[in-house]
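Note that the structure is a prediction, hence the values are computed from the model and not measured. The sequence lines fix the lettering, A, B, ..., with proteins before strands; numbering per chain opens at 1.
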Amino acid sequence: MIVALLLVLASPASAIECLTPLLAQQRALFNPMPTRPTEGGMFSFEDDDVVEYLDSEDGSVRVHYSVSGSSVTILDDDDSDGLPDFAQLVAATTAAVFDHYESLGFRRPLGEEEMGLGEVGGSYAFDVYLVDFAGQGDGAFSADSCDSQPNVCSGFFMMENDFAGYGYSNLTQAVNTLTSHELFHAVQAAYEAESPVWWSEGTATLAERLFDPDSEDFIHLAGYYLDDTGRSLDNPPTGPVPTFAYATALWWDFMNVRLGTDAIVALQQALEWDGADKDTLTEMQAVIEANGSDLATEWSTFTQWNLATKFRAGAMESHEYAAEIGPIDISAMGATLEDDNRFYPLAASYYQLQHPGGELWFSHDDDATGVIFTLHPVVDGTESGAVEPALVEWTPTEPAWFQVAEDLDAGIYWLVGTQARISDSSQKFLFCLGDAAQAEICLAAPGDTGATDDTGDSEPPGKCGCTSAPTAPVGLGLLAMLGLTLGWRRRE
Amino acid sequence: MKAHKLLPLAALLTFGCGDDPKDDTENPGETGDSDTTASMCPELVPVACEDDLVQDLLTDDGDVSDGAVTTTTDGDDFVTVVDASAGGMNQAANNPWVYIRFDADGASRVDISDEDALESAEWHMGLRRFLLRMNSGDGGPSCVGISKMAAYDYADLTEEPSGVTYQLEDFYSESCELQMDGYGMSPTFATYGWWAYSACVETTMVPFLIQLDDGQVLKLMVEAYYGSGQDDCNTSGAAGSDSGLLTLRWSFL
């Protein structure tokens, strides 16, 4: 499967880069009327191309294609109407995507007429160009013209002329993917053209699923997120190969499922320039709260859904396509756990505990404010078992040690740790999970780690913050039966 | 853990060649020992934007690179080949850097994880594919400085020219925003300029002077980014093979 919307740029690693609206706009700033593919540019028709066009039935879309030459498109004409079926499919699909996005509440992309550009491409219709990308990507949105306040743009998109050698399962999938993804960039440019790539690409990938619930490309890209869950949502890796940026679609789809598409529309609207600098995460949090939830709840739930993927799916609520993605990367595993970890904001770490049975203790050596831990059993306690809802959730703050459970069955358990909030920095601390002796490892010395009460016994410092997990199906009675103590216990 | 970059004193310093690096009055942190093996920065300086650096450029799983580092001699020069290719183009970010140090008998790998490297002066240079980072400033806790000598040919650098100023790594802004080069491919490392790109990674053959933490100065040039085919790349734009297999030519001055 090929990642949509990629361009090869001159770079040491021959890396690929998505042409985001921002980059498109930057190109536009250098060239107020950027070259259309009929006139040159990075991806363009060649001199040997014979370029024709056709319009969608409603006239909203014009598709430019080559009938002979380097970028010749697929010329099959099964209905013998004298026009290439493929180009007609592109026109009809693009027009349908236009209408679908509008029906969901998104704005229509800005047009040439609104921007005072005249009939670029021969009409006021939205222009699509079918050019040969030669394997160096398969589509790109480019801006024609931009306003600065608000920072909005109109434009066009290019897409692969025939998808020969690409990995799509069929042409319909390819066309659905490219038209929905690239046109969503045009939608975004009608709100705010300078968006962070993890938002612009992530939501453009979500848009593939909004248009086509069976989008293979969405599943493919969203699944990449589970390869790098320890990375903050808003911090893709450096370099113009932001697969992670596309993969954030998993989170946006989660928001879409939990809060509705209206929330995505509202966030897009909230990011529109209104004279003040906009922070995408802050606006996202505000939209979540406006929908009756909070970021900590949503993000923590998201991280738990991500655990219940691939062969671990099926025993708790998760993504509709959970069995098709994942599994998550494991930070550590063992009969006891000890990890000095940085919990970055809006990221998550996963640990597998092979518990021998009995009590379970937790300790940590530094401030853990903002970090939420959840402990999940698995069906039959086996390594390949599906993950069940959290038995217990705790939110440690100051260095502490405490008993998480009094008497757990032997078997596999999963620990999820996440800093489920907006923050400028990670929470870095050493934590231990296991028996009481293991818990003591993470605290330097008894005298340093616990106050001494009147009896001379040491007391763990700080507060536990343990609660029964709100998503757990088990009630308090069952928790008691399981021996989950959810509170402090003196060191023995 | 830091949200903002607090410039350590060392990051504000440059070490002038004309200065006596052993002069305590000119180089705070200097031991005053006339022995060149004495460290110019005996106190490690915490990396100001460590939290960001780890997430932006390093791995945090404790892995240590096993990329091969071999050094041979060629006349007066050492030729060190570093296999910094791990992960290839797409997965490089998930692989640890290769750390090396320059010694009298050649360069060798320092087996250390990315996070441990932030608390170590054992290494001088880190390599990951086309990224070369020095152990100083934003790159590490030591004080390994570097100066790009674009006006010189490598062979002509037989002694340290007067007035050389050594730069410490400075690729984060005051607010710990990563500063990227014009390609958007690499942070603005002090080694910027060893490569150019038109159709492949060309080596510019620009020499650098590197001042180690003990004050010794060496000259270094990246001869190749590809295990084979570098000459073709440099002359005709044809990409070589085995990218990330770097060849470093260097010698102490």
Subject >> Region of A:Ser423 that comes under 4.5 Å of a non-hydrogen atom in chain B >> reply: neither
Subject >> Toward chain A, the part of B:Glu202 with a non-hydrogen atom under 4.5 Å >> reply: neither
Original post:
Can you find a heavy atom in the side chain of A:Ser426 that is under 4.5 Å from one in the side chain of B:Gln55?
Top reply: no
Original post:
Between atom CG of B:Asp61 and atom CG of A:Asn341, what is the distance when rounded to the nearest 0.5 Å?
Top reply: 10.0 Å
Subject >> Heavy-atom closest contact (B:Val54 atom, A:Tyr344 atom, distance) >> reply: CB-OH, 3.3 Å
Subject >> Nearest heavy-atom neighbours spanning A:Asn235 and B:Asp56 >> reply: ND2-OD1, 3.0 Å
**OP:** Tell me, yes or no, whether the heavy-atom count around B:Tyr154 atom OH, taken from other residues, nucleotides or ligands under 6.0 Å, exceeds 12.
**Re:** yes
Subject >> Straight-line distance of A:Arg231 CZ to B:Asn94 CG, nearest 0.5 Å >> reply: 7.5 Å
Original post:
So does B:Glu50 pair up with A:Arg342, basic N to acidic O under 4.0 Å?
Top reply: yes
Original post:
Quick one: salt bridge (Lys or Arg N to Asp or Glu O under 4.0 Å) partners of A:Asp277, sequence neighbours excluded?
Top reply: none
